[in-house]
Visitor: 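One structure, as structure tokens, below. Some questions next.
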Amino acid sequence: MSIHKEDRERVAWLRDEIDRHNYQYYVLDEPLVPDSEYDRLLRELQGLEHKYPELITPESPTQRVGAKPLAAFGEVQHRLPMLSLDNAFDEHELADFDRRVRERLGIEGEISYAAEPKLDGLAISLRYEDGLLMQAATRGDGSQGEEVTQNVRTIDTVPLRLLGQGWPRVLEVRGEIYIPKSGFNALNERARKAGEKAFANPRNAAAGSLRQLDPRITAKRPLAMYCYGFGEIEGGPLADTHSAAIKRLVAWGLRISPELQVLEGVEACLAYYHGIAERREGLDYDIDGVVFKVDAFAQQQQLGFVSRAPRWAIAQKFPAQEELTRVEAVEFQVGRTGAVTPVARLEPVFVGGVTVSNATLHNMDEVERKDVRVGDTVFVRRAGDVIPEVVRVIPERRPSQTEQITLPTSCPVCGSEVIKPEGEAVARCTGGLFCSAQRGASIKHFASRRAMDIEGLGDKLVDQLVEQGLVHDLADIYSLKKAQLAGLERMAEKSAQNLIDALEKSKQTSLERFLFALGVREVGEATARNLARHFGSLAAIEQAPVEELQTVSDVGPIVASHVAAFFRQSHNLEVIEKLQRAGIQWQEGAPVELPQHPLAGLTFVLTGTLSRPRDEIKAELLALGAKVSGSVSKKTSYVVAGEAAGSKLEKARSLGVEILDEAGLVQVLTQYV
DNA sequence: TTGCCTCGAGATCA
DNA sequence: CTCGAGGCAA
């Protein structure tokens, strides 16, 4: 069927018109027409597209909701990493941040900061190519996230095509996806009426909505987005300042925070923070603080990054919400290494969007400092937004006749002696593998994904295996028979076979995984990898003297002694042998020469009065493979400036060479070494 | 640490 | 229908 010219033109006109109304409504918050008129346009477009399916394009406003559920989310490599922000928890820390920024930039006057509220949602990266939304990805670990394009397309406030003109061919925009409070309440109201479970808080509802495989469900969730930053942009930045660049997004149909402001100096930032804090309740979205960014891109570039966070931005967080509750009990948990940790069992209380019923007390020093007792009324908060924490006891509300919490002399699980070495905070059960708690925890660790990755061997199953005495040491899991498993809960034929298969599959592994899985104290994934690479074979590690172990990067005297002690214990060696007899194997390689000179290629210049003799610092740098020069040139990597530094500092500034104070030097060293 | 989603499979009931 | 496990996000 041929398409009438006027229909084709009408379709194009309708799309422009609908996109324009969306823009007015969502971005500018100034609708031009009543909803009924908007609906009429949309229906007319749907009618025409129904008549001429060949006119349908992915960016048509009728095409937000894809028809088919996904099988799984794909992975996305971020071209520019999605970083996290440093936090400031009080005015003091914010002032420190401002001072550091000015010092690094060598500016006496006030810095311009772009400020906006920090939304409590989840971070997202949108990629537009030739003006069309091609990809939306979650943050993930910062360098690799999940592709959730199908779901993000359903969000009304995210344009499928950029409006206007002048956008770069490739534009990555970053922002926060969230659910407005009003939408959240309506959503939960609906869920309650339908007899479904309500969401605990808007953030989790938003995160859950984005993880739906079926975009039709996502489309029913009232998600929204504000843009606050950038990823890759073809042709470079959109303006000289962050605020100007962000404001350009508006013309292209992207939504930005109406609260965005440029402020001069730290005093203005503080005032802004207090202003937002006062209006917090009235805003239609949850926020957990305010973000300040150095506005000028040139200054941002000069400031650079520290590991995973930019030096040019900070999040000033609101004080964590605190609630009162009662301590029902203090129990002692025994971990994989035997560490005995006091945990407060609390009367469940809703704090910061979740129900908290447990809070670790870390160690006895902490218990004594806070003097927490059973029956106490305490303030609880979520520290750093995540970990529940007992803030303090309200002594006036302590019931009479309470007792101080004391460290048990014997392990609550196995009864072995508990020892707290002088000067150490952590107490330990001496039961070793005799202790079922340690046994269980070490098996769980062994089976975990980053270790041996034995699918199906989860917490509940391990608890059962240990409880029933089917497993005594790590190696025993490989001699489990289907018949033995059959007696356990939720373990019928199929599950048992799956587990046996998973065990079999895990036998092919790598030295680093195996080393990590063994659970040697202080040996995490990174250290296991370093050891494996350095020595190449298990035998070499087993026999290595402490001095040799210490030559491995990241291994100091403490880690080295733990490693050596582990391999001196005969029962550990027996378990390893048993595991190998069970069929665990890996490729043993030749030891890899690790670069002995982590600072190779860097040139330092020392100037001014430093806290130690210059020769001493110089020797250290040389030992790490760096060059130390007497004069500053373009090739100088860093100038380390102490008190009363003179012309060399001047020269460094004029050449744009990075300048470090001693603290900065330590940071750089930890970065490279 | 908690909450959410998804999947597979066991448990339960008609 | 319910549970356990796994994965993700803050």
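Numbers restart at 1 for each chain; the letters A, B, ... are given by sequence-line order, proteins then strands. Note that these values count all heavy atoms, side chains included, but never hydrogens, waters or copies made by symmetry.
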Visitor: Could you tell me whether A:Ala123 contacts a base, only the sugar-phosphate backbone, or nothing, with contacts defined as non-hydrogen atoms closer than 4.0 Å?
Guide: sugar-phosphate
Visitor: Do A:Tyr273 and A:Phe292 have their ring centres less than 6.0 Å from each other?
Guide: no
Visitor: Check the distance between C:dG6's C1' and A:Asp459's CG and give it to me in whole angstrom.
Guide: 11 Å
Visitor: Could you give the CZ-to-P distance, from A:Arg381 to B:dT2, as a whole number of Å?
Guide: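 Taking atom P of B:dT2 as the reference, CZ of A:Arg381 is at 17 Å.
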Visitor: Does some side-chain heavy atom of A:Arg174 sit less than 4.5 Å from a side-chain heavy atom of A:Leu80?
Guide: yes
Visitor: Have a look at A:Asn201 and say if it touches a base, only the backbone sugar-phosphate, or nothing, with a 4.0 Å heavy-atom cut-off.
Guide: nothing
Visitor: Counting any heavy atom closer than 4.0 Å, what does A:Thr360 reach on the DNA or RNA strands: base, sugar-phosphate only, or nothing?
Guide: nothing
Visitor: Send over the distance from A:Asp141 CG to C:dG7 C1', rounded to a whole Å.
Guide: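 Checked: the CG to C1' distance equals 13 Å.
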Visitor: If you check every side-chain atom of A:Leu122, which of C:dG6, C:dA10, B:dG3 has the closest atom?
Guide: C:dA10
Visitor: Taking any heavy-atom pair under 4.0 Å as a contact, classify A:Gly121: base, sugar-phosphate, or nothing.
Guide: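 Touches sugar-phosphate only.
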Visitor: In whole Å, what is the span from the NZ atom of A:Lys317 to the C1' atom of C:dA10?
Guide: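 Between C1' of C:dA10 and NZ of A:Lys317: 9 Å.
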Visitor: Rounding to an integer number of Å, can you tell me how far A:Leu461 CG sits from C:dC3 P?
Guide: 17 Å
Visitor: What string of B, S and - do you get for nucleotides 5-14 of chain B 5' to 3' if you count protein non-hydrogen atoms under 4.0 Å?
Guide: SSS-BB----
Visitor: In plain terms, say whether A:Asp453 and A:Lys505 are close enough for a salt bridge, that is, a side-chain N and a carboxylate O under 4.0 Å apart.
Guide: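 No, A:Asp453 and A:Lys505 are not salt-bridged.
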Visitor: Check every strand shown and say whether A:Gly140 touches a base, only sugar-phosphate, or nothing at a heavy-atom separation below 4.0 Å.
Guide: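 It contacts sugar-phosphate atoms only.
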Visitor: Please determine if A:Arg190 and A:Glu196 form a salt bridge, counting it only when a charged side-chain N lies under 4.0 Å from a carboxylate O.
Guide: no
Visitor: Between A:Glu328 and A:Arg345, does any NZ, NE, NH1 or NH2 come within less than 4.0 Å of an OD or OE carboxylate oxygen?
Guide: no
Visitor: What's the closest nucleotide to the A:Pro388 side chain, out of C:dA10, C:dG4, B:dT1?
Guide: B:dT1
Visitor: Name the nucleic acid region contacted by A:Val354, choosing base, sugar-phosphate or nothing; use a 4.0 angstrom heavy-atom cut-off, strictly under.
Guide: sugar-phosphate
Visitor: Are A:Asp365 and A:Lys420 close enough for a salt bridge, meaning some N to O gap below 4.0 Å?
Guide: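 Salt bridge between A:Asp365 and A:Lys420, a charged N being under 4.0 Å from a carboxylate O: yes.
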Visitor: Please report, rounded to the nearest Å, how far the P atom of B:dC4 is from the CG atom of A:Asn204.
Guide: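 Atom-to-atom, A:Asn204 to B:dC4, this comes out as 5 Å.
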Visitor: For B:dG3, take OP1 and OP2 only and decide whether either is under 4.0 Å from a side-chain N or O of A:Arg203.
Guide: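 No.
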Visitor: Nearest-Å distance, NZ (A:Lys444) to P (C:dG6)?
Guide: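 Atom-to-atom, A:Lys444 to C:dG6, this comes out as 12 Å.
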Visitor: Nearest whole Å is fine: how far is C:dC3 C1' from A:Lys460 NZ?
Guide: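 Checked: the NZ to C1' distance equals 9 Å.
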Visitor: Verify the contact: side-chain N or O of A:Thr355 to OP1 or OP2 of B:dG3, cut-off strictly under 4.0 Å; return yes or no.
Guide: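 True: A:Thr355 side-chain N/O within range (under 4.0 Å) of B:dG3 OP1/OP2.
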Visitor: Regarding A:Glu189 and A:Asn185, is there a side-chain donor-to-acceptor distance under 3.5 Å anywhere?
Guide: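 No, A:Asn185 and A:Glu189 have no side-chain donor paired with an acceptor closer than 3.5 Å.
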Visitor: Hey, does the side chain of A:Lys197 come within less than 4.0 Å of B:dC4's phosphate (OP1/OP2), counting only N and O?
Guide: yes
Visitor: Looking for any heavy atom pair under 4.0 Å, which part of the strands does A:Ser448 touch: base, sugar-phosphate only, or nothing?
Guide: nothing
Visitor: Indicate whether the side chain of A:Ser510 and that of A:Glu512 have a donor and an acceptor atom separated by less than 3.5 Å.
Guide: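 Side-chain D/A pair, A:Ser510 to A:Glu512: absent.
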